[in-house]
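For reference, the structure is listed below as structure tokens.
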Amino acid sequence: MMRKSPTSWHSTWKQVGPYMDLGLRLVISLLMGIFGGYWLDRKLHTLPLFLLIGFLFGAFSGFLSIYHTVFSKKQK
């Protein structure tokens with residue numbers, strides 16, 4: 001088995017890093033919306049109303065964050 005040199009690992013992570021950042025932005029936004037909505041539903045006994053609203057809000061904010069990240073880099 002051939003081992004990669006440290007410089008090739010560094011360049012690989014440098015290439016993959018921005019894509020991992022975009023994925024994490026979406027996942028974190030979704031999880032915050034879902035858990036925030038679930039928490040609010042448990043407090044107000046309205047399950048699944050705020051869970052669904054939180055999911056939609058998290059998805060929208062995650063895609064909006066990705067959109068701004070991608071198109072702000074293109075303009076530079």
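Predicted model, so just to flag it, every value in this text is computed and none were measured.
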Residue set satisfying ring pair (Phe, Tyr, Trp, His ring centres under 6.0 Å) with Y67, at least two apart, ordered chain then number -> F71
State, with a plain yes or no, whether a side-chain heavy atom of F57 is found less than 4.5 Å away from one of M32. no
To the nearest 0.5 Å, atom CE of M20 lies from atom CD of Q15 at 13.5 Å
Rounding to 0.5 Å, atoms CG (L24) and CG (L31) come to a distance of 10.0 Å
Requested in this report: Answer with yes or no whether the hydrophobic clustering places F55 together with L47; edges join I, L, V, M, F, W, Y residues whose side-chain heavy atoms lie under 4.5 Å apart.
Outcome: yes
>> Do V70 and L22 have side chains that approach each other closer than 4.5 Å (heavy atoms only, starting at C-beta)?
In response: yes
In terms of hydrophobic clustering (I, L, V, M, F, W, Y; side-chain heavy atoms under 4.5 Å; direct or indirect links), are W39 and I53 co-clustered? yes
- State yes or no: do L44 and L52 share one hydrophobic cluster built from I, L, V, M, F, W and Y residues joined by side-chain heavy-atom distances below 4.5 Å, directly or via other members? no
- Please confirm whether the backbone N or O of L26 pairs with a side-chain atom of S29, one donor and one acceptor, at under 3.5 Å? no
Review point. Are I34 and F50 grouped together when hydrophobic residues (ILVMFWY) are joined by side-chain heavy atoms under 4.5 angstrom apart?
Key: no
Closest heavy-atom pair, D41 versus T46, reported as atoms and distance to 0.1 Å, is OD1-OG1, 2.6 Å
So CZ of R25 and CG of L64: to nearest 0.5 Å the spacing works out to 11.0 Å
(Q) Are L30 and F60 linked, directly or through intermediate hydrophobic residues, by side-chain heavy-atom contacts shorter than 4.5 Å (ILVMFWY only)? (A) no
